[in-house]
Amino acid sequence: MTRRSCAIYGVGIVCASLLIIGIGLVVTQVFQTLIHNRLKKEITLTEGSRVFETWKNPPPPVFMQYFFFNVTNPDEFLDGAKPVVSQVGPYTYREYRPKENVTFVDNGTRVSAYQPKTFVFLPERSVGDPDDDMITTINIPAVAVMNKVKDSFWKSSMVSIWMNSLHVGMFMTRSVNELLWGFKDPLLSRIHPMNPEIDEYFGLMYKKNGSNDGEFVYHTGEEDFMNYGRVATFKGESKLSLWTSEQSNMINGTDGSAFHPLLSKTERLYIFSPDLCRSIFMEFEKDVKVKGLPAYRFTPPRDVLASKEENPANEGFCVSPKECLGTGLLKVSVCRKGAPVVTSFPHFYLGDEKYSNAIEGLDPVREHHQTYLDLNPTTGVPIRASKRAQINILINRIGENVHLNPSVCFVQTVVIDDVSAAKLHKLLLMVMLVSNAPLVLVGLGAILLPVFIGLIVCEYKQKVRPRPCFFPFLFYLYLTRQVS
């Protein structure tokens, strides 16, 4: 056999081998399975893992923005007119939330931690000075006290006398700082000596700067990657005892800071929120890109806060039949010491139109009021997130079934920092190269295939009618030199 024949056979064998091995690896997804298994082992809450340190102390900055609803016609409202509000804000704070007292429990399969939250005011991102800017809003302490004693004629009469003597009305005008971080309320100060459990100070974020929600225990994800970051217990309990059904009291999902790798567009993601006193779910909406990183956008659908008529599963969030509200609302009095507090999305987004139509100055817009979570599907890492909520006060007005007065809405945002984004880019590039290695083999085989065919054709023509074939002839010379 001549050198030329050996070269042709060699090219044929190499070409066939590359195609067979490459196609086989593509079909069986061996390399993809290997890299996925590697990710499952690396993305766990264990010492030395790729994500443990960033989980304990997340590097991306978190910003909390507060927007207040200033009531411009309080006197007319008390006379029965439609309330008119103007949104004032944002007042922006940098939020620091490192995890502390991190301890492994249950033979290392779970990890417990506390997460204190600290807020630092950022004047350059705010519209004004929170010490100077005044807001006229519903008097939440007064409404809460009246709601507490409404079933007792004598107690309600006494509270009414106190309010008149203290010149306390249904509305109050306070600075942003007071409304957020607390002030000494005259009505609560009158009640405090008789009932020490009632604090004489009130603020929407009173005692929350530097405090934590309680102990969380998380699954590490080492036994099952799908459980990575999932909340096992909160304050020592595996379920809540606030609501009226087993399903409503379940603690489902993560705390919103970590999600398992290899996400699917068809799955439903659960998040447990101590602020809402419940778990919520989010569903895939669309593909997005953040700083060049691919991400799946998950958002809460209307079903999350739908009425029991729209979503019967939500009936468990009605503490009593009278407290079942319409779509878009969740009454959280059970975890707010009985105060008539109702949460919703800003401007009653995804809620019944009657709620936003009842107040002049509200305009629910998806782009401004939607909560969303952008997650990298390969690693589950949050790339960008915006949590938006609104606090409303439930008021009983004569002639109305229910009236909601919006007090404040907050927007919590986070975007991956540049350093973390660069690291994730490198990791995704490595995953892509390893996963696509079989395609490289198929590509090389496909390149060699026409060369092999060309050599065979030239060999045949040489036997029938000798004539040089330029490109295969050069390739043949190269191979014969390598053989010699």
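Quantities reported herein were computed from a predicted structural model and do not represent experimental measurements.
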### Message
Is there a side-chain contact between P61 and V414 in this structure, where contact means two heavy atoms from C-beta onward sitting under 4.5 Å apart?
### Response
no
#### Entry: 4.5 Å side-chain heavy-atom contact, L428 and P294
yes
### Query
Got a second to check how far L330's CG is from C318's SG, nearest 0.5 Å?
9.0 Å
### Message
Can you give me the closest heavy-atom contact between C277 and L242, atom names plus distance?
### Response
CB-CD1, 3.8 Å
### Message
Show, in sequence, the C-alpha distance, side-chain angles and deciding distance for F183 and Y201, and conclude whether the ring-ring contact (aromatic ring centres under 6.0 Å, His included) test is met.
### Response
CA-CA 5 Å; F183 62 92; Y201 286 85; 8.4 Å; no
### Query
Can you tell me how far CG of N314 sits from CG of L325, rounded to the nearest 0.5 angstrom?
11.5 Å
### Query
Is the number of heavy atoms from other residues, nucleotides or ligands under 6.0 Å of K41 NZ greater than 12?
no
### Task
Output the distance between atom OG1 (T378) and atom CG (L424), rounded to the nearest 0.5 Å.
8.5 Å
### Query
Distance-only, no hydrogens or angles: does the T233 side chain make a donor-acceptor pair with backbone N or O of G236 under 3.5 Å?
no
### Query
After noting the C-alpha distance and the side-chain angles of E360 and K82, does the key distance pass the salt bridge (charged side-chain N to carboxylate O under 4.0 Å, His left out) rule?
CA-CA 7 Å; E360 189 174 328; K82 185 178 182 179; 5.3 Å; no
### Task
Hey, could you give me the NZ/CZ distance between K99 and F52, rounded to the nearest 0.5 Å?
10.0 Å
### D106 side chain vs T109 backbone, donor-acceptor pair below 3.5 Å
no
#### Entry: salt bridge (charged side-chain N to carboxylate O under 4.0 Å, His left out) evaluation trace for K289 with D374
CA-CA 9 Å; K289 275 202 170 186; D374 296 339; over 6 Å; no
### Query
Aromatic ring centroids of H347 and F67 under 6.0 Å?
no
### Message
Test your reading of the model: is there a side-chain donor-acceptor pair from N70 to the backbone of T136, 3.5 Å cut-off?
### Response
yes
### Query
Taking all non-hydrogen atoms of both residues, which atom of F234 and which atom of D213 are closest, and how far apart?
CZ-O, 3.5 Å
### Over all atoms of both residues, closest heavy-atom pair of I43 and P261
CD1-CB, 3.8 Å
### Query
Does H425 NE2 have over 12 foreign heavy atoms under 6.0 Å away?
yes
### Task
Could you tell me whether the side chain of S356 and the main chain of F348 form a donor-acceptor pair under 3.5 Å?
no
### Query
Considering only heavy atoms from C-beta outward, does the side chain of I135 approach that of F69 to under 4.5 Å?
no
### Task
Please determine, by modelled atom types, if N376 and T379 share a side-chain donor-acceptor pair under 3.5 angstrom.
yes
### Message
Working to the nearest 0.5 angstrom, can you tell me the gap between C324 SG and E315 CD?
### Response
6.0 Å
### Query
Where do D287 and R297 land on the salt bridge (charged side-chain N to carboxylate O under 4.0 Å, His left out) test, with the steps shown first?
CA-CA 6 Å; D287 290 284; R297 171 161 292 184; over 6 Å; no
### Query
Strictly by modelled atom types, are N249 and Q247 linked by a side-chain donor-acceptor pair under 3.5 Å?
no
### Full working for side-chain contact (heavy atoms from CB on, under 4.5 Å) between R278 and C335
CA-CA 10 Å; R278 59 165 290 188; C335 56; over 6 Å; no
### Query
For the side chain of N139 and the backbone of A142, is there at least one donor-acceptor N/O pair under 3.5 Å apart?
yes
#### Entry: Distance-only polar pair, side chains of E222 and T46, donor-acceptor under 3.5 Å
no
### Query
Given T137 and L179, is the side-chain contact (heavy atoms from CB on, under 4.5 Å) satisfied, shown in steps?
CA-CA 9 Å; T137 185; L179 291 174; 4.1 Å; yes
### Task
Go through the steps for L375 and V381 under the test side-chain contact (heavy atoms from CB on, under 4.5 Å), then give the verdict.
CA-CA 6 Å; L375 304 174; V381 171; over 6 Å; no
### Message
If I compare all heavy atoms of N392 with all of S344, which pair ends up nearest, and what's the gap?
### Response
ND2-OG, 3.0 Å
### Task
Would you mind reporting whether V304 and P301 have side-chain heavy atoms less than 4.5 Å apart?
yes
### Task
Before giving the answer on side-chain contact (heavy atoms from CB on, under 4.5 Å), spell out for K40 and L262 the whole-Å C-alpha distance, their side-chain angles and the decisive distance to 0.1 Å.
CA-CA 9 Å; K40 293 173 187 177; L262 309 178; 3.7 Å; yes
### Message
For the backbone of S264 and the side chain of E267, can you confirm whether one donor and one acceptor N or O come within less than 3.5 Å of each other?
### Response
yes
### Message
Here's a test for you: under ring pair (Phe, Tyr, Trp, His ring centres under 6.0 Å), which of F63, Y91, Y66, W181 qualifies with F119?
### Response
W181
### Query
Does a donor on one side chain sit under 3.5 Å from an acceptor on the other, for Q115 and E215?
no
## Note on the structure
residues 343-355 vs salt bridge (Lys or Arg N to Asp or Glu O under 4.0 Å), sequence neighbours excluded, gives R302-D352
### Query
Going by heavy atoms in the side chains, are V143 and P340 under 4.5 Å from each other?
yes
### Message
Looking at L45, is its backbone amide N or carbonyl O close enough to the side chain of S49 to form a donor-acceptor pair, meaning the two atoms are under 3.5 Å apart?
### Response
no
## Note on the structure
Here the pair of heavy atoms bringing W55 nearest to A258 is CD1-CB, 4.2 Å
### Query
Do S175 side-chain atoms and D133 backbone N/O form a donor-acceptor pair below 3.5 Å?
no
### Task
For this output row, return yes or no: ring centroids of Y228 and F259 closer than 6.0 angstrom.
no
#### Entry: Between S86 and T72, a side-chain donor and acceptor under 3.5 Å
no
### Query
Just by distance, with hydrogens left out, do D303 and N311 show a side-chain donor and acceptor under 3.5 Å apart?
no
### Query
Short question: side chain of S211, backbone of K207 - any donor-acceptor pair under 3.5 Å?
yes
### Message
Using side-chain heavy atoms (C-beta onward) and a distance below 4.5 Å, is I271 in contact with D255?
### Response
no
### Distance-minimising heavy-atom pair for S307 and T327
N-OG1, 3.0 Å
### Task
Using a strict cut-off of less than 4.0 Å between a Lys/Arg side-chain nitrogen and an Asp/Glu carboxylate oxygen, indicate whether K239 and E246 qualify as a salt bridge.
yes
### Message
Which label fits Y218 and F216: parallel for a plane angle under 30°, tilted from 30 to 60°, or perpendicular past 60°?
### Response
parallel
### Query
Hey, what do you get for OG1 (T54) to NZ (K56), rounding to the nearest 0.5 Å?
10.0 Å
### Message
Using the rule given for salt bridge (charged side-chain N to carboxylate O under 4.0 Å, His left out), can you reason through D275 versus K387, listing the C-alpha separation, both sets of side-chain angles and the distance that settles it, and then say yes or no?
### Response
CA-CA 12 Å; D275 295 328; K387 174 184 174 183; 3.3 Å; yes
### Query
Are any non-hydrogen side-chain atoms of V71 and F171 less than 4.5 angstrom apart?
yes
### Message
Is there a side-chain contact between L180 and Y93 in this structure, where contact means two heavy atoms from C-beta onward sitting under 4.5 Å apart?
### Response
yes
### Query
Does the gap between the ring centers of Y296 and F284 come in under 6.0 Å?
yes
### Query
So among R388, E95, Q65, which one has a side chain to side chain donor-acceptor pair (under 3.5 Å) with Q412?
E95
